[in-house]
Amino acid sequence: MDHMQNILRRIPKIDEVLQEQRLVLFYGTTPRSVIVESVREAIDRLRKEILAGNTEGLEDEDALMDEIVSAILEKKKRVLRRVINATGVVLHTNLGRAELSREAAQAVMDIADNYSTLEYDLRKGARGSRQDIVESIVKKVTGAEACMIVNNNAAATMIVLAALARGKEVVVSRGELVEIGGSFRIPEVMEQSGAILREVGATNKTKIGDYERAYNEETTAAFMKVHTSNYRIVGFTEDVALSDMTALGREKNVPVIYDMGNGLLADLSRYGINEPTVFDALKADPDVILFSGDKLLGGPQGGIIIGKKKYIDLMKKHPLARAFRVDKMTLAAMEATFYQYLDMEKALREIPTLAMITASEDVLRARAERLTEMLLAELPQYSYEIVPVLDQVGGGSAPVNYLNGLAVSMFREDVAAEKTERKLRRTQMPVIVRVNHDKVLVDVRCVRDDELELVVQSFKEIEGGES
Ligand SMILES: *Cc1c(COP(=O)(O)O)cnc(C)c1O
């Protein structure tokens, strides 16, 4: 027993360990409680081992310090963390949809930790409106008469319907009763808004006459068209052009609402993306158009409502406007993003979503080759091949347009690809990859050139370390 007491006495004391140089380095950046907790856990573990008869831990002080340092690093990891998207899905819903441009990110930083003109008019020296911030640039870029920004397109749908159609009917084609992920379904949003859904047509065919017959002077509040963002109905089909609906709306004096979803401002048809643009929608002249900020627009999460001033004014005055209003960081990013569209070629280059979608094969190949070289130099245990893959726009946009992409395919006889995929998710800089036929596929479309080194680092990190 005495013997055991002597051994236990050799366990380092918490206060002593806290003085170790490697831990002192954390003091400026890490709460003391986090450091103390990590030391205590390591020492407790060491004590348990000794009591179980294993005293090896006492001999290796470095190992103990390694353990403490990695425990501190683990505890310091944020829940919301940066990752590298090597999946080839550009608007990856689970990975945060659109990546902001540098300019938009910079605008957020400028506004985040400073005072701002959020609701202040510098010329008048008096109160301003946060809705004015983005309205002028959106009007300039799109030519729309008025604009309002809310939290997302779901909120936009809700406030449009609540403000224009509460207690009355909104006529929608049966082919357009969209569900956008989990809880956003047109019929259910309609119900929550207090509007009454009036379905017309069949799943595959709706004609202008269907809208016409559904119209009732007393009960019809609006005609609504919903873009089938994340699916297509093909075969024996027919739907009504937005312009025909607008014409009918004018005739009956009923507003036409177009939920277009994607918010595409650049024409991507020459890149094989056949999605309607905001300009196409404006040409058809509906009364209200709504779309997301973080889909093909490539900005922050938000719902952008553009259209006729008399309708937008009703929404701005609606009680839901306060509940759905966006914060200054969103507005900063949104203003900066729209500003970039004043130069369309620049927007295509500098807004990451657009740049990734339109990346040429040459660019992708050069990146894949460079990554292969860099990985091969550090990790010769894998065999490498650059393979063609099908990438996606994602985020419920352009569901039928696959993009021709390239991936670095990596194979190792002695380690299952699933295991590598799992370990890559748990590194300091997680890399999200795909696995196909026991190959790890590092798709390069959404990996920036300045991230290649980080990918290599993460691969190096998982070599050796078990998890
Ligand atoms: C994506 C989408 C929505 C929902 O937009 P969020 O910004 O995700 O709330 C609504 N309608 C359509 C047609 C969409 O494509």
Side-chain angles (χ1 to χ4, degrees), residues 89-100 134 138 147-162 164-165 170 172-193 195 197 206 222-233 239-240 242 245 256-265 268 273-278 280-281 284 286 288-307 315 320 323-327 330-331 333-334 337-338 353 357 392-401:
V89 181
V90 179
L91 296 170
H92 198 303
T93 305
N94 303 141
L95 303 183
R97 278 201 190 154
E99 189 175 275
L100 289 183
V134 179
V138 173
C147 165
M148 179 180 186
I149 310 271
V150 291
N151 268 324
N152 51 27
N153 197 19
T157 312
M158 185 79 133
I159 198 168
V160 169
L161 293 171
L164 303 188
V170 177
V172 187
S173 159
R174 287 204 168 85
E176 298 175 357
L177 299 174
V178 176
E179 169 176 320
I180 308 282
S183 54
F184 182 94
R185 288 173 159 179
I186 290 292
E188 287 161 23
V189 173
M190 192 82 74
E191 200 180 315
Q192 286 298 321
S193 73
L197 172 63
T206 304
F223 295 122
M224 181 167 177
K225 187 171 182 62
V226 184
H227 180 49
T228 57
S229 299
N230 52 4
Y231 67 100
R232 288 290 180 273
I233 296 176
D239 75 338
V240 177
L242 183 60
M245 286 180 65
V256 174
I257 301 164
Y258 180 38
D259 174 8
M260 75 172 305
N262 71 40
L264 179 61
L265 280 173
L268 297 181
I273 305 292
N274 299 306
E275 283 286 297
T277 68
V278 175
D280 294 332
V288 178
I289 302 173
L290 37 145
F291 51 89
S292 293
D294 55 352
K295 290 184 180 170
L296 290 171
L297 182 75
Q301 178 188 307
I304 295 126
I305 309 169
I306 57 176
M315 296 165 211
L320 280 176
F324 291 170
R325 78 179 189 185
V326 296
D327 81 320
T330 299
L331 288 167
M334 198 71 88
T337 304
F338 269 98
T353 300
I357 290 170
Q392 276 174 280
V393 172
S397 303
V400 291
N401 296 132

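First listed ligand is number 1; within each ligand, the first listed atom is number 1.
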Among all the protein's non-hydrogen atoms, which is closest to [atom], and how far away is it?
atom                    : result
atom 15 (O) of ligand 1 : Ser229 OG, 2.4 Å
atom 7 (O) of ligand 1  : Ser292 OG, 2.7 Å
atom 1 (C) of ligand 1  : Lys295 NZ, 1.3 Å
atom 9 (O) of ligand 1  : Ala154 N, 2.9 Å

Would you confirm whether [X], through its side chain, and [Y], through its main-chain N or O, come within 3.5 Å as a donor-acceptor pair?
X      : Y      : answer
Asp294 : Thr93  : no
Asn153 : Ala156 : no
Glu176 : Thr228 : no

Find out whether Val178 and Ser229 are in side-chain contact, i.e. whether some heavy atom of one side chain is under 4.5 Å from a heavy atom of the other.
no
Does Val160 reach the side chain of Met224, with side-chain heavy atoms less than 4.5 Å apart?
no
Run the side chain to side chain contact (heavy atoms under 4.5 Å, CB included) test on Glu275 and Leu268 for me, step by step, so that the C-alpha distance in whole Å, both residues' side-chain angles and the decisive distance to 0.1 Å come before the verdict.
CA-CA 8 Å; Glu275 283 286 297; Leu268 297 181; over 6 Å; no
Which atom pair, heavy atoms only, marks the closest approach of Thr206 to Ser173?
OG1-OG, 2.7 Å
Heteroatom distance test (Asp259, ligand 1): nitrogen or oxygen, under 3.5 angstrom:
yes
If I apply the N/O under 3.5 Å rule, does Thr157 come out as touching ligand 1?
no
By number and element, which atoms of ligand 1 are closer than 4.0 Å to a non-hydrogen atom of Gly261?
12 (C), 13 (C), 14 (C), 15 (O)
Short list, please: which atoms of ligand 1 are under 4.0 Å from a heavy atom of His227?
13 (C)
According to the interplanar angle, ranging from 0 to 90°, do the rings of Tyr258 and His227 count as parallel (below 30°), tilted (30 to 60°) or perpendicular (above 60°)?
perpendicular
What part of [X] sits under 4.0 Å from ligand 1 if we count only heavy atoms: the side chain, the backbone, both or neither?
X      : answer
Gln301 : neither
Asn153 : both
Arg97  : side chain

